[in-house]
Structure formats: structure tokens, C-alpha cells
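This structure is a prediction, so every number in the text was calculated from the model and none was measured. The basis for the numbers below is simple: all heavy atoms, side chains too, and nothing from hydrogens, waters or symmetry mates. All chains are named by letter (A, B, ...) in the order of the sequence lines, taking the proteins before the strands, and each is independently numbered beginning at 1.
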Protein chains: 2
Amino acid sequence: MSISSRFSVGIHILSLIELNKNTVNTSESIAESVNTNAAVIRKIMGMLKKADLITVQPGVAGIQFARDYADITLLDVYHAVHVVKDNELFSVHNNPNPNCIVGQNIQGSVEHYFHRAQQAMEDELKTMTIKDVINDIRKDVHS
Amino acid sequence: MSISSRFSVGIHILSLIELNKNTVNTSESIAESVNTNAAVIRKIMGMLKKADLITVQPGVAGIQFARDYADITLLDVYHAVHVVKDNELFSVHNNPNPNCIVGQNIQGSVEHYFHRAQQAMEDELKTMTIKDVINDIRKDVHS
DNA sequence: CAACTTGTAATCATTATCATTACATGTATT
DNA sequence: AATACATGTAATGATAATGATTACAAGTTG
């Protein structure tokens, strides 16, 4: 199991806006950098737009940040691209036997712990921003 | 995307050992409690055995803890059932364009943040034990 | 040997992902 | 208005993982 690469592609797209700000980024040019199909990029762009992270206009080339990229956390992107449903990072087996003590009560307990683990991960994502990623890349380029 | 329910089933199996300790647990009886097929249970039992969490003998009905269940963390189970490969909770898009500044450097940066997020989740799982789950279920039963 | 268990491989339906193609729709320029 | 080029979006297909199921080999006990 792995969380969809839509997440890393979303981060890639957002980083490009700043790092390629001297040129106009089209879904086609972004697709070349990411090395995928332009339709895939457009779909993800649509998700980023819906989450108010970017602005894009139908028919007009170019993407802009909808807000300061220092304030866009990786958690924002993660939510935007719908890679994990709310509280469903871990799946719990369905319909355990109601005639069994354990079957009857295990779901509530397990869900509670799974929720805590998922929360820890998401809290960590909240501490990282697109600006951090951009800075990393700039540092790599100049070293 | 969701992490396989093998994880929650593994926890269920382990809890049953203690909560049903007065009876002999066979893959068949466990399958009834979990509400799945016995072969599925046997496969997961095999994983738990390989990870030295339980002892099982071919041909002999019954499972035992291989060590104190107060010392078996949910992280142990998570690793045992192979639901997430090492450092691959998040997948990163492959082969970004090497002719692009961002494409060339983004993987390293993103992988670093993804690793941190995964680590936070696994660290949290490490704080939870099978004993905690068993206690929860016992409490539910008596309330 | 007979009955029962675990161990394990093969098959199948279902689901998600990602790449691709195609086309509708929107915008700008001439 | 016509052309060129962009985004938006639906449909299709290959690939992979999951979980249920069946079947059977191999181990154990009485």
C-alpha cells in the first residue's frame, strides 16, 4: 500500500510556480517536468484550485498561488488532492461477529488508536510548507 | 487509499488469545469472530509467527503469545503484517525530468518530509500495546 | 489409520492508480 | 468571426493490491 503520488505531484506543481516564475507554466510544460501526461496535471491542478491553493483560468495559460506559499502546508496539499479520506488512513475489517465479545467491541478501540496515529502524521505534515520545499530545492541547485 | 485491514485483523487475532484464553483458538473459530475466511486468518497468523509475536504449531490447534502482550506494540503488529513498506507510506512520482531544476531535486526534498511524517505516525503506534486494546475491550464489556 | 489442524498456492471479483486519448469549453489575437 | 491555444473533464485500458474462496499438502493426535 502507498498513498497516491498525486500528493508529491501536487507539491511539484506548486513548487514550479515559484521556481519557474519567469516563464508561463502550462499543463503541458509542467507535465514535462513531472514526466507524466498533461491531463493528469490538469486534474490535479483542478484539485489544487478547488482547495483555493492556486488560481487558474480556463483557456488562459499560467498558474498563480492563491495565497502566500509560506502559508501553504503539506497538509493543505494532502487534503487538496484527496489521497486519504478523513480518518481512513487505516482500514478496519468490516462486520466482525456481533456474537463475539471481541468482535463486538474491537472496532471502537482500534479506530481510536488508528485515529491517533493518523493524527500524528497529519500534525507533522502541518509543520512543513511549500516554502520549505522550495528552499530545499534552491539550496540543492546552488551547492 | 487505505492501509490494508490485515493490520486491524492482526490486532483482533492477538486480542483474542487473551480474551478467549479459556478456549482453544483455531483459525476457524478466529475467522468466525473476525467474520472472514479461515485461510485469511492463517496467512496473517503466519506473519505474526514470523515476526515472533505468537507461537503456532502446524497441525496443532491453538495460538500463544511469544512474549508478554504488554510489550507488543501496535507498531510491532504493523510491521509484522507488512501493510506499509519501509519508508514508502507515501509514493513519489517516478522519473521527473532530469533537465528540469525542480524535477532534478524535488525527490530528495519531498522524500525527506514524507519520511518525517511517516516516522511521526509510526512513533505514535509504538506507544500503543495489545494490552491497551485488551483493556479497552474488557472495560467496554463491563460497562 | 482417521480426524483435525496449520501452511500455502491458485483463482477470482473488486477497487484504485496512472497514462492516454478525445473533445467540449474558455480566452486572446488577428 | 476565425484561428490558435489553453483548461476542464469524461472514457478507456493496463497494472497492481486486496480480500474471499477453494483446494490440497503436510503435521499432529488419539
Item checked: Atom pair distance, as rounded to whole Å: CG in B:Leu48 and P in C:dG7 -> 11 Å
Notebook entry, point to check: Once you round it to whole Å, what is the distance between P of D:dT7 and CD1 of A:Ile13?
Noted result: 11 Å
Notebook entry, point to check: Contact class for A:Ala39 vs. all strands (heavy atom < 4.0 Å): base, sugar-phosphate, or nothing?
Noted result: base
Check: So what does B:Val60 touch, heavy atoms closer than 4.0 Å: a base, only the sugar-phosphate, or nothing?
Finding: sugar-phosphate
Checklist line | Atom-pair distance (CD1 on A:Ile54; P on D:dT7), nearest Å | finding: 10 Å
Notebook entry, point to check: Side-chain N or O of B:Ser4 less than 4.0 angstrom from OP1 or OP2 on D:dG19?
Noted result: yes
Notebook entry, point to check: Looking at B:Ser15 and B:Val133, what are the two nearest heavy atoms and their distance?
Noted result: OG-CG1, 3.7 Å
Note to self: Please report the distance, rounded to the nearest Å, between CD1 in A:Ile63 and C1' in D:dA6.
What the structure shows: 12 Å
Checklist line | Whole-Å distance separating the CD1 atom of B:Ile41 from the C1' atom of C:dT6 | finding: 13 Å
Item checked: Any A:Thr36 side-chain nitrogen or oxygen under 4.0 Å from OP1 or OP2 of C:dA19 -> yes
Check: Which heavy-atom pair separates A:Ser27 from A:Met45 by the least distance, and what is that distance?
Finding: CB-SD, 4.4 Å
Next item on the list: Check each of A:Val34, A:Ile41, A:Val40 against A:Asn37 using the side chain to side chain contact (heavy atoms under 4.5 Å, CB included) test, and report the only one that passes.
Entry: A:Val40
Margin query: What contact category does A:Lys50 fall into here, base, sugar-phosphate, or nothing, at under 4.0 angstrom with non-hydrogen atoms?
Written below: nothing
Margin query: Between B:Asn25 and B:Ser91, which residue's closest nucleotide on DNA chain C lies nearer the 5′ terminus?
Written below: B:Asn25
Checklist line | Closest non-hydrogen atom pair, A:Ala80 against A:Leu48 | finding: CB-CD2, 4.1 Å
Check: Pick one: which of B:Val81, B:Ile130, B:Ile72 meets side chain to side chain contact (heavy atoms under 4.5 Å, CB included) with B:Leu53?
Finding: B:Ile72
Margin query: Output the rounded distance in Å from CD1 (B:Ile30) to C1' (C:dT5).
Written below: 12 Å
Note to self: If you compare every side-chain N and O of A:Lys43 against the phosphate oxygens of C:dA19 (OP1, OP2), does one of them come in below 4.0 Å?
What the structure shows: no
Note to self: If I take atom CG in residue B:Asn35 and atom P in nucleotide D:dT21, what distance separates them, rounded to the nearest angstrom?
What the structure shows: 9 Å
Check: Between A:Gln57 (CD) and D:dT7 (P), how many Å, whole number?
Finding: 11 Å
Note to self: Here's a test of your reading of the structure: between B:Glu28 and A:Asn37, which maps to the more 5' nucleotide of DNA chain C?
What the structure shows: B:Glu28
Notebook entry, point to check: Would you say A:Ser5 reaches C:dC18's phosphate, i.e. side-chain N/O to OP1/OP2 under 4.0 Å?
Noted result: yes
Next item on the list: Could you check B:Lys85 against A:Arg42 and say which one's nearest nucleotide on DNA chain D is further toward the 5' end?
Entry: A:Arg42
Margin query: Closest approach to the side chain of A:Met45, judged atom by atom: which nucleotide of D:dG8, D:dA6, C:dT5 is it?
Written below: D:dG8
Checklist line | Shortest side-chain distance from B:Val56, nucleotide among C:dG7, D:dT18, D:dA20 | finding: C:dG7
